[in-house]
Protein chains: 2
Amino acid sequence: MPDEAAGRDHRTLPRRRGAALNSAIFEAVWAEIAEHGYAAVTMDGVAGRARASKASLYRRWPGRAALVLEAAYDAMHGPESVPDTGSLREDALAVLRHAARQLNGPVGQALRGLLGETLQNPSVAAEVREYTRGNVGRVMHAIIEQAAARGECDPALVTDRKVEAGPALLRQRFIFSALPLDDDYLVQVVDEVMLPLLGVCPDVVAGDP
Amino acid sequence: MPDEAAGRDHRTLPRRRGAALNSAIFEAVWAEIAEHGYAAVTMDGVAGRARASKASLYRRWPGRAALVLEAAYDAMHGPESVPDTGSLREDALAVLRHAARQLNGPVGQALRGLLGETLQNPSVAAEVREYTRGNVGRVMHAIIEQAAARGECDPALVTDRKVEAGPALLRQRFIFSALPLDDDYLVQVVDEVMLPLLGVCPDVVAGDP
DNA sequence: ACGTTTAGAGAACTAGACGTTCTCTAAACT
DNA sequence: AGTTTAGAGAACGTCTAGTTCTCTAAACGT
């Protein structure tokens with residue numbers, strides 16, 4: 001009879017399950033993205049790096065898109081809070097800065113890849129679009145309502161197109177430019193587009209003597 | 001000795017070259033896109049449908065993206081002209097309508113797929129971005145300069161962000177919505193965003209008694 | 001403590017697309 | 001007519017997506 005080591009083949013290492021395995025898989029996804037970008041994320045690669053089996057991956061997610069999407073959700077922990085500084089300008093900047101911080105990091109890279117996936121194969125995910133669009137738009141509406149309640153802007157001026165304009169500029173730049181979203185850009189979006197559209201602070205921009 | 005038919009194998013059909021072959025290949029690309037969308041375009045599929053060889057395809061284009069991109073260029077024949085109706089509102093509507101007509105058709109489907117490709121693999125094509133961004137932006141700048149020269153808007157108000165806002169809304173809707181770009185949307189973009197940003201026609205929208 | 005059920009590791013396998021390369025031959029050129 | 005160029009068709013090697021198999025550790029019962 002062999003000693004106890006002989007009974008242990010290469011599969012006898014401690015085996016993770018449930019949440020622990022999930023976390024290990026998400027970590028592997030981020031490592032793959034960080035190393036060679038979204039395009040380099042393959043199911044085999046993630047499984048290998050996480051020391052998980054492809055069967056385990058496919059038991060949890062139907063494909064790469066669903067996996068990366070859940071990894072992104074996981075990395076963003078928690079719904080976005082609505083800022084309330086008492087000034088529309090500061091609220092708007094806070095919203096855009098929060099979005100920019102996410103989009104400039106690994107989560108942004110993942111979302112770019114996922115958006116690419118949905119553009120090529122529209123059947124894959126209305127879900128991705130929901131996220132990318134839903135959050136910022138909802139919060140933007142909320143801070144504008146706050147401003148209208150304070151009398152800071154005229155509620156009659158508020159339309160869907162005007163509310164969407166700022167976020168649309170942010171997204172355009174995120175999608176079409178490889179450069180990070182810098183703060184100057186966000187300030188321009190707020191001062192040159194969002195506030196003028198709502199009739200706030202007609203072209204008096206801070207910093208000009 | 002067999003008769004003359006025996007010497008003709010299945011390769012003996014008339015053989016196209018140069019521009020004629022190019023056109024046949026482009027037609028095949030559009031047929032494939034129309035049938036099952038961008039995702040279904042494969043080099044094998046296009047070659048088969050065009051009765052061309054894959055070798056001929058790869059001699060002309062390095063890959064699928066380059067092929068579809070050139071097919072799109074080919075379908076758009078000619079650079080965009082700058083409208084000059086004498087009214088900024090009409091000029092802007094003309095530009096957006098021209099863009100929308102393209103984007104609502106098969107060319108739009110191709111561009112969506114190509115954009116998806118570049119988002120997943122940024123190395124592929126700065127070229128695609130150039131097109132998608134370049135044209136509308138350039139023409140938009142031109143009509144605004146015309147309007148400023150007529151005294152229709154204040155040149156001091158014109159900034160890059162303001163000029164980009166309208167096109168950004170168009171693109172956002174193109175990218176994130178599967179629905180076609182309808183004319184109501186374009187009118188809203190012009191009347192609620194573009195003109196107010198440039199200080200034209202402050203909220204007097206036609207059609208309201 | 002023991003037995004049953006669940007779920008993970010690892011590997012083999014199929015199928016589809018990419019991109020390459022080969023041969024044979026029609027079209028274009030001189 | 002003879003030469004060169006370029007296209008048709010097919011075979012091939014590779015990669016990735018998914019699936020399915022066996023074996024076994026972990027979780028959960030009694």
Side-chain angles (χ1 to χ4, degrees), chain A residues 2 4-29 32-33 36-68 113-114 116-117 120-121 123-125, chain B residues 4-29 32-33 35-68 113 116-117 120-121 123-124:
Chain A
E4 74 274 17
R8 301 167 60 83
D9 69 359
H10 46 88
R11 275 168 285 185
T12 311
L13 294 165
R15 198 184 277 180
R16 299 146 306 177
R17 296 169 75 121
L21 182 54
N22 258 34
S23 300
I25 293 171
F26 289 157
E27 264 181 54
V29 169
E32 296 275 311
I33 288 181
H36 299 106
Y38 180 89
V41 177
T42 69
M43 297 304 261
D44 294 82
V46 172
R49 186 189 284 265
R51 229 198 62 244
S53 72
K54 287 208 295 172
S56 300
L57 263 59
Y58 281 106
R59 200 173 300 122
R60 289 174 165 76
W61 303 279
R64 177 173 72 158
L67 166 58
V68 177
L114 286 170
E117 203 110 27
Q120 293 191 339
N121 195 337
S123 67
V124 170
Chain B
E4 73 275 16
R8 301 169 57 83
D9 68 2
H10 47 87
R11 277 168 282 184
T12 312
L13 295 164
R15 198 184 275 180
R16 299 144 306 175
R17 295 170 75 122
L21 183 54
N22 259 33
S23 301
I25 292 171
F26 288 157
E27 265 181 52
V29 169
E32 296 274 313
I33 288 180
E35 232 172 65
H36 299 105
Y38 180 89
V41 178
T42 69
M43 297 303 260
D44 294 82
V46 171
R49 184 188 286 262
R51 229 199 62 242
S53 72
K54 286 207 296 172
S56 300
L57 263 57
Y58 282 105
R59 199 173 301 120
R60 288 173 165 76
W61 303 279
R64 176 173 73 160
L67 166 57
V68 176
E117 204 111 27
Q120 292 190 341
N121 196 337
S123 67
V124 170

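Chain naming here is simple, since letters A, B, ... match the order of the sequence lines and numbering starts at 1 in each.
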Enquirer: Treat a base pair as Watson-Crick or G-U wobble with both distances under 3.5 Å, then lay out DNA chain C in dot-bracket form, 5' to 3', with | for cross-strand pairs.
Expert: ||||||||||||||||||||||||||||||
Enquirer: Which nucleotide, D:dA17, C:dC18, C:dG10, lies nearest any side-chain atom of B:R64?
Expert: C:dC18
Enquirer: Any chance you could measure A:L114, atom CG, to B:Q120, atom CD, to the nearest 0.5 Å?
Expert: 8.5 Å
Enquirer: What's the CH2-C1' distance between A:W61 and C:dA7, to the nearest Å?
Expert: 14 Å
Enquirer: Just verifying a value: how many Å separate A:L21 CG and A:R51 CZ, rounded to the nearest 0.5 Å?
Expert: 9.5 Å
Enquirer: Whole angstrom is fine here: how far is it from CG in A:D44 over to C1' in C:dG10?
Expert: 12 Å
Enquirer: Ignoring backbone atoms, establish whether A:T42 has a side-chain N or O less than 4.0 Å from OP1 or OP2 of D:dC15.
Expert: no
Enquirer: Got a sec? Which of residues 21-29 of chain A come in under 4.0 Å of DNA chain C, heavy atoms?
Expert: A:L21
Enquirer: Round to a whole Å and report the spacing from CG of B:L57 to P of C:dT20.
Expert: 12 Å
Enquirer: Could you give the CZ-to-P distance, from B:R51 to D:dG7, as a whole number of Å?
Expert: 13 Å
Enquirer: Would you mind reading off the distance between B:H36 atom NE2 and C:dA17 atom P, rounded to a whole angstrom?
Expert: 12 Å
Enquirer: Below the 4.0 Å mark, does D:dA10 have OP1 or OP2 next to a side-chain nitrogen or oxygen of B:S53?
Expert: no
Enquirer: Can you tell me how far apart CZ (B:R59) and NZ (B:K54) are? Round to the nearest 0.5 Å.
Expert: 13.5 Å
Enquirer: Of the listed nucleotides (C:dG10, C:dG19, C:dA17), which one gets closest to any side-chain atom of A:A55?
Expert: C:dG10
Enquirer: For the residue pair A:A50 and A:A24, what are the closest heavy atoms and their distance?
Expert: CB-O, 3.9 Å
Enquirer: Nearest whole angstrom, please: distance from the C1' of D:dT16 to the NZ of A:K54.
Expert: 7 Å
Enquirer: Can you check the A:N121 CG to C:dG16 P distance for me, whole Å?
Expert: 17 Å
Enquirer: Compare every heavy atom of A:I25 with every heavy atom of A:R60, then report the nearest pair and how far apart it is.
Expert: CD-CD1, 4.4 Å
Enquirer: In Å, rounded to the nearest 0.5 Å, how long is the span from CZ of A:R64 to CG of A:L57?
Expert: 12.5 Å
Enquirer: Quick one: CZ on B:F26 to CG on B:L67, what's the gap to the nearest 0.5 Å?
Expert: 7.0 Å
Enquirer: Scan B:G18 against the nucleic acid and name what it touches under 4.0 Å (heavy atoms): base, sugar-phosphate only, or nothing.
Expert: sugar-phosphate
Enquirer: Applying side chain to side chain contact (heavy atoms under 4.5 Å, CB included), run through B:V68 and B:W61 and close with a yes or a no.
Expert: CA-CA 9 Å; B:V68 176; B:W61 303 279; over 6 Å; no
Enquirer: Using whole Å, report how far OH of A:Y58 lies from C1' of C:dG8.
Expert: 16 Å
Enquirer: Picking from C:dC18, C:dA7, C:dG10, which would you name as closest to the side chain of A:R59?
Expert: C:dA7
